[in-house]
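Let me begin by presenting the structure, written as structure tokens, before commenting on it.
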Amino acid sequence: DHAVDGLGPDLRLAAISGTLWAGEAGEVYYREVPIGPATWTWKPLALLVAEWRNRVRLQSGVNALSGDVGRTLTGAWAGRDIVLDAPLGDLVRLYSAVFGALPVTIEGDLSMRLDDIKVRDGHVDAVDGRVDADEVILAGRKLGSREGDLADVDGGLAIEFRSKGDAAAG
């Protein structure tokens, strides 16, 4: 097991094989909660834009997270083309295991695409992305399908959901 320098104390990789350039972890843990196995492949062309970047895939059952993740030469974390597809119930269970139970139940399917995100010192500097949630049920109430754009607000992420098909607020 290894806590990898630069990933932070909450992220730990176990059963690592391969190299810095290409490898896998049999299990990724966040705050000691198992997330699933991961693979990575180095993207050397990212050096042309002053980033060290890897193509990463994390799979846990039907939940999948993939995209390009790395560091800029100034030390910020950067991500591009990150896609997360997962049932909302699975994400709520993970959130509850890490941070504590939510006061409501949430069901449905989530698809999130981060075209670009930069994080420095634990705060979101910039983000461009979108979230789609289908067949959402919140505390037993059917809300239908929702969509929203991601925004960086006060160093964090914000999503203002709207019904699918409604015009985006401008």
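Any value given below was found using the heavy atoms of this structure, including those in side chains, with hydrogens, waters and symmetry copies removed.
For Pro34, the side-chain contact (heavy atoms from CB on, under 4.5 Å) partners at least two apart in sequence or on another chain are Glu27, Tyr29. In this view, Asp90 and Val62, Asn63, Pro87, Arg93 satisfy the side-chain contact (heavy atoms from CB on, under 4.5 Å) rule, not counting sequence neighbours. Under the side-chain contact (heavy atoms from CB on, under 4.5 Å) criterion, Leu94 pairs with Val33, Ile35, Val98, sequence neighbours left out. When the side-chain contact (heavy atoms from CB on, under 4.5 Å) test is applied to Leu65, the partners found at least two apart in sequence or on another chain are Leu58, Ile82, Leu84.
A distance of 12.0 Å separates CD1 of Ile159 from CD of Glu147, quoted to the nearest 0.5 Å. Atom NZ of Lys118 sits about 11.5 Å away from atom CG of Asp152, to the nearest 0.5 Å. Atom CG of Leu11 is separated from atom CG of Leu13 by 6.0 Å, given to the nearest 0.5 angstrom. Atom CG of Leu143 and atom CD1 of Ile137 lie 8.5 Å apart (nearest 0.5 Å). Between Arg53 atom CZ and Asp81 atom CG the span is 8.0 Å, to the nearest 0.5 Å. For the atom pair OG1 (Thr74) and CG (Asp125), the distance works out to 8.5 Å, reported to the nearest 0.5 Å.
Residues Thr72 and Ala78 come closest through the heavy atom pair CG2-CB, 4.0 Å. In terms of heavy atoms, Arg120 sits closest to Gly75 at NH1-C, 4.2 Å. Shown here for Ala38 and Val28, the closest heavy-atom pair between the two residues is CB-CG2, 3.6 Å. Contact detail for Ser163 and Arg146: the closest heavy-atom pair is OG-NH1, 3.0 Å. Annotation for Arg113 and Leu150: closest pair O-CD1, 4.4 Å, computed over non-hydrogen atoms. Scanning all heavy atoms of the two residues, the minimum distance from Ala101 to Ser96 falls at CA-OG, 3.5 Å.
Under the 4.5 Å side-chain heavy-atom criterion for Ile, Leu, Val, Met, Phe, Trp and Tyr, Val131 and Val153 are members of distinct hydrophobic clusters. Follow the hydrophobic side-chain contacts under 4.5 Å out from Val49 and you never reach Val119; the two are in separate clusters.
Put simply, the side chain of Asp68 reaches to within 4.5 Å of the side chain of Lys43, judged on heavy atoms. With contacts defined as side-chain heavy-atom distances shorter than 4.5 Å, the pair Leu110/Leu91 qualifies. Looking at Arg12 and Glu32, their side chains come closer than 4.5 Å, going by heavy atoms from C-beta outward. Within the 4.5 Å cutoff, side-chain heavy atoms of Asp134 are placed close to those of Lys164. By the 4.5 Å heavy-atom criterion applied to side chains, Val127 and Asp116 are not counted as neighbours. You'll find the side chain of Trp77 reaches within 4.5 Å of the side chain of Arg71, heavy atoms only. At a threshold of 4.5 Å between non-hydrogen side-chain atoms, the residues Leu138 and Val104 count as touching. In this structure, Val136 and Leu88 have side chains that are in contact, with non-hydrogen atoms separated by less than 4.5 Å.
The pair Arg162-Asp149 counts as a salt bridge, with a side-chain nitrogen and a carboxylate oxygen less than 4.0 angstrom apart. With respect to Glu135 and Lys142, no salt bridge is recorded, no charged nitrogen being found less than 4.0 Å from a carboxylate O. Between Asp115 and Arg130 there is no salt bridge, since no side-chain N of the basic residue sits under 4.0 Å from a carboxylate O of the acidic one.
Listed by first then second residue, pairs satisfying ring pair (Phe, Tyr, Trp, His ring centres under 6.0 Å) with a partner in residues 90-111 read Tyr95-Phe99, not counting sequence neighbours. Screening residues 41-68 for ring pair (Phe, Tyr, Trp, His ring centres under 6.0 Å), with sequence neighbours left out, gives Trp21-Trp42, Trp21-Trp52, Trp42-Trp52.
Donor-acceptor pairing under 3.5 Å is lacking for the side chains of Thr39 and Arg55. Using a 3.5 Å distance cut-off with no hydrogens or angles, the side chains of Asp132 and Ser111 do not pair a donor with an acceptor.
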